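Owing to the predicted nature of the structure, the values given are computational and were not obtained by experimental measurement. The basis for the numbers below is simple: all heavy atoms, side chains too, and nothing from hydrogens, waters or symmetry mates.
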Amino acid sequence: MTGYMCLFVSVMLYLIGEFSNSFSTIQYAILLISIFYVLKYGNRDNAPAFTFFACFTMFLLNRVFLSMISSSIEISFQNNNDVMMHLHRSLYLALLFLLIGLSKWHVKVGLEVSLSGPKSILEDANVVYIQKAAIALFYLTSVFRFAELLEKVVYVLLGGGYLNYYISFASRIPGIIRKLGDFNEIIFFIFLATLPDPRKKKGPFVLFVLFGLLTLLYGQRNAIVTSALMVIVYVITYENINNIQYQIIPKRFYRIGILSIPVLFLGLNAITYIRSGGTNTSGGIINSLENFLGNIGNSIRTIIYGYVFENQIGHDKIYSFGSLTEFFRNNIIVKAIVGGGFDLSSTVAQTEEVALNGYSFSNIVTYLYSRTAYLSGHGLGSSYIAEVYHDFGYFGVCIASIIYGKILKKVPDMICKNWVVNSVILISFSSLLMTPRDTACKFLASFINLQFLVTLILVWGLASVLRTRGGKRPLNNNQNGLNE
């Protein structure tokens, strides 16, 4: 009841803020709807939704909250009421309609079990072979993935530097090796799609997190955060499906994890200073935490500057589907059919041509914000809110948030799906976690590509070979660690 009272008051405050043109009133509406999210979704059954909300808060809301309590944290254009109204209106509508997406889908969960074939992945006799094939291919491609990451680490640590990595890094590893390495993460999601028992299949989980840790060494923070969150959400979902709550990750580890959050933030803050070539002169642990949270919450700048530069950016491109557009424009099969065109796939540097001719909202906004900074390797990043607003207005923000909510609600229902559908759900969820500071269609681009299709075919092909050699036999649940 307390949670719904917070939601009701939040909606009233938002309406008051709109009618009075007061963004500070909407700030409190955002705070109250955030409290509702914690009360409603801060539990095991809603781990995917709460994880997304945590990322949304970290990347978009925390700077807003910090500005409410600390005068040292400012927001760009905070003295421009029109810009501030746009920012806070966008954030509130995104949260409200994400909630609508989550709520509407709750009624439908469990009603989409296929009427033909196995009613549950636990009853699919082919899953054990899919899982074995995925494990074998994961270990094989891990070699190539490690080589690819190691090259980047060596380049940055031995003098190339973080910014030069974005400006001029060019891999010397043969393209076929890099492509094989790129299969690794997709194969891991296919592996998860078979619902393996983390206690019996530790190897892939450990390697997946270790690869995320490696990315820290060349200045990337997103990969390790996404990797850790994916593993935690999967384990919670697996425990819920098999009714073994807290048997894989005991309660005490969650308490330790919560208490370790300040230390984690300090570590990530140190990485931020190292990769920018600066030193921490913020004056103490509290200020370091405050500065880190403020900096990581700077994704709101994309929403702000996307609005400020709206006319300069123009509306001749649909940036919300930029990743998919570039895939279809630069895909080798499509190009063979329709011919040339500007080839972004062969361009890795941040150049003026990429910013002006490409479909990356991040590139064009950063370029307009500071041409010098952009050409030096810096970037504002992106946000799904900024992209869909530019293309479709506030209506786009609402619809995108509803779609995200529906996807998030499907993750705990994996037991009712087959391994292909599960693979799509998991890789989409992994991409969704970053959309508050990434492209709007990243979750679509994650599986609408040749690489994902080829990976599915490879895993299915190897599984078919294993099944033929092993003979057809009923699946024992313990055989692939589906339950105890």
Without swapping roles, check the side chain of Asn363 against the backbone of Ala355 for a donor-acceptor pair under 3.5 Å.
no
Verify whether one side chain among Asp391 and Ser320 offers a donor that lies under 3.5 Å from an acceptor in the other.
yes
So which of Ser362, Ser382, Ser360 actually passes side-chain hydrogen bond (donor to acceptor under 3.5 Å, both in side chains) with Glu387?
Ser382
In terms of side-chain heavy atoms, does Thr372 have a donor or acceptor partner in Ser370 at a distance below 3.5 Å?
no
With side-chain contact (heavy atoms from CB on, under 4.5 Å) as the test, would you mind laying out the steps for Tyr319 and Thr439 before giving the verdict?
CA-CA 8 Å; Tyr319 287 99; Thr439 58; over 6 Å; no
Has the side chain of His390 got a donor or acceptor atom that lies under 3.5 Å from a matching backbone atom of Ile313?
no
Exactly one candidate in Tyr37, Phe59, Tyr404 meets ring-ring contact (aromatic ring centres under 6.0 Å, His included) with Phe53; the answer is Tyr37
side-chain contact (heavy atoms from CB on, under 4.5 Å) partners of Val424, counting only residues at least two apart:
Ser428, Phe447, Phe452
Without swapping roles, check the side chain of Thr226 against the backbone of Ala223 for a donor-acceptor pair under 3.5 Å.
no
As an exercise, state the distance from CZ of Phe188 to OH of Tyr234, rounded to the nearest 0.5 Å.
8.5 Å
With distance as the sole test, does Lys410 use its side chain to make a donor-acceptor pair with the main-chain N or O of Gly405 at under 3.5 Å?
no
Which heavy-atom pair separates Ala440 from Val388 by the least distance, and what is that distance?
CB-CG1, 3.8 Å
Using 30° and 60° as the class boundaries, would you call the ring planes of Tyr389 and Tyr307 parallel, tilted or perpendicular?
tilted
Minimum heavy-atom separation for Ile236 and Ala47, please, with both atom names.
CG2-CB, 4.0 Å
For Ser10 and Leu32, indicate whether the former's side chain and the latter's backbone hold a donor-acceptor pair under 3.5 Å.
no
Could you walk me through whether Val83 and Gln78 satisfy the side-chain contact (heavy atoms from CB on, under 4.5 Å) test, starting with their C-alpha distance in whole Å, then the side-chain angles of each, then the deciding distance to 0.1 Å, before giving a yes or no?
CA-CA 8 Å; Val83 174; Gln78 68 178 21; over 6 Å; no
Among all residues two or more places apart in sequence or in another chain, which pass the side-chain contact (heavy atoms from CB on, under 4.5 Å) test with Ala147?
Ile173
Rounded to the nearest 0.5 Å, how far does CG of Leu214 lie from CG of Leu149?
5.5 Å
Are any of the side-chain heavy atoms of Thr325 and Lys317 separated by less than 4.5 Å?
no
Do side-chain atoms of Asn81 reach the backbone of Asn21 as a donor and acceptor pair under 3.5 angstrom?
yes
Roughly how far, to the nearest 0.5 Å, is CZ of Phe309 from OH of Tyr367?
12.0 Å
Could you measure the distance from the CG atom of Leu93 to the OG atom of Ser401? Nearest 0.5 Å is fine.
8.5 Å
Which residues pass the side-chain hydrogen bond (donor to acceptor under 3.5 Å, both in side chains) test with Asn80, sequence neighbours left out?
none
Quick one: which residue pairs count as a salt bridge (charged side-chain N to carboxylate O under 4.0 Å, His left out) with a foot in residues 29-40, not counting sequence neighbours?
none
To the nearest 0.5 Å, atom CE of Met58 lies from atom CZ of Arg437 at 10.5 Å
By the salt bridge (charged side-chain N to carboxylate O under 4.0 Å, His left out) test, which pairs, at least two apart or in different chains, include something from residues 8-25?
Glu18-Arg89
Mind checking side-chain contact (heavy atoms from CB on, under 4.5 Å) for Ala445 and listing every partner two or more places apart, or none if nothing turns up?
Ser323, Leu324
Table please: side-chain donor-acceptor pairs of residues 429-436 below 3.5 Å, with sequence neighbours left out.
unit_1, atom_1, unit_2, atom_2, d
Ser431, OG, Ile427, O, 3.1
Thr435, OG1, Leu432, O, 2.7

Report yes if the distance between the aromatic ring centroids of Phe50 and Tyr41 is under 6.0 Å, otherwise no.
no
Looking only at the aromatic ring of each residue, does the gap between the centers of His86 and Phe77 stay below 6.0 angstrom?
no
Answer yes or no: does atom OH of Tyr254 have more than 12 heavy-atom neighbours from other residues, nucleotides or ligands under 6.0 Å?
yes
Quick note, salt bridge (charged side-chain N to carboxylate O under 4.0 Å, His left out) partners involving residues 355-380, not counting sequence neighbours, are Glu352-Arg371
Does the pair Val233 and Phe52 meet the rule for a side-chain contact (heavy atoms from CB on, under 4.5 Å), with working shown?
CA-CA 11 Å; Val233 170; Phe52 178 83; over 6 Å; no
Kindly write out the residues that satisfy ring-ring contact (aromatic ring centres under 6.0 Å, His included) with Phe321, not counting sequence neighbours, or none if the list is empty.
none
Looking only at non-hydrogen atoms, find the nearest pair between Ser227 and Val209 and report the distance.
CB-CA, 4.4 Å
Which atoms form the tightest heavy-atom contact between Ser67 and Val64, and what is the distance?
OG-O, 2.6 Å
Is a side-chain N or O of Glu151 found less than 3.5 angstrom from the main chain of Arg172, in a donor-acceptor match?
yes
Minimum-distance pair of heavy atoms, taken over all atoms of Ala29 and Leu13:
CB-CB, 3.9 Å
In the structure I gave you, are the side-chain heavy atoms of Phe205 and Phe191 within less than 4.5 Å of one another anywhere?
yes
What verdict does the side-chain contact (heavy atoms from CB on, under 4.5 Å) test give for Phe208 and Glu185, after you've listed the backbone C-alpha separation in whole Å, the side-chain angles of each residue and the deciding distance to 0.1 Å?
CA-CA 8 Å; Phe208 182 66; Glu185 186 174 280; 4.0 Å; yes
Can you give me every donor-acceptor pair (side chain of residues 137-146, partner residue at least two apart or in another chain, under 3.5 Å) with its distance?
unit_1, atom_1, unit_2, atom_2, d
Thr141, OG1, Leu137, O, 2.8
Thr141, OG1, Phe138, O, 3.2
Thr141, OG1, Asn184, ND2, 3.0
Ser142, OG, Phe138, O, 2.6
Ser142, OG, Asn184, ND2, 3.1

Side chains of Trp419 and Trp460: closer than 4.5 Å at any heavy-atom pair?
yes
Tell me whether Thr215 contacts the main-chain N or O of Gly212 through its side chain, where contact means a donor paired with an acceptor under 3.5 Å.
yes
What is the ring orientation for Tyr14 with Tyr92, classed by angle as parallel under 30°, tilted 30 to 60°, or perpendicular over 60°?
parallel
Can you measure from CD1 (Ile402) to CG (Leu102) and round to the nearest 0.5 angstrom?
10.5 Å
Those residues at least two apart in sequence (or on a different chain) that pass ring-ring contact (aromatic ring centres under 6.0 Å, His included) with Tyr369 are Tyr305
Looking only at heavy atoms, the pair that brings Ile385 and Ser90 closest together is CG2-CB, 3.7 Å
Residues which pass side-chain contact (heavy atoms from CB on, under 4.5 Å) with Ile256, listed by chain and number, not counting sequence neighbours:
Ser260
Please check this pair: side chain of His88 against backbone of Thr25, looking for a donor-acceptor N/O pair closer than 3.5 Å.
no
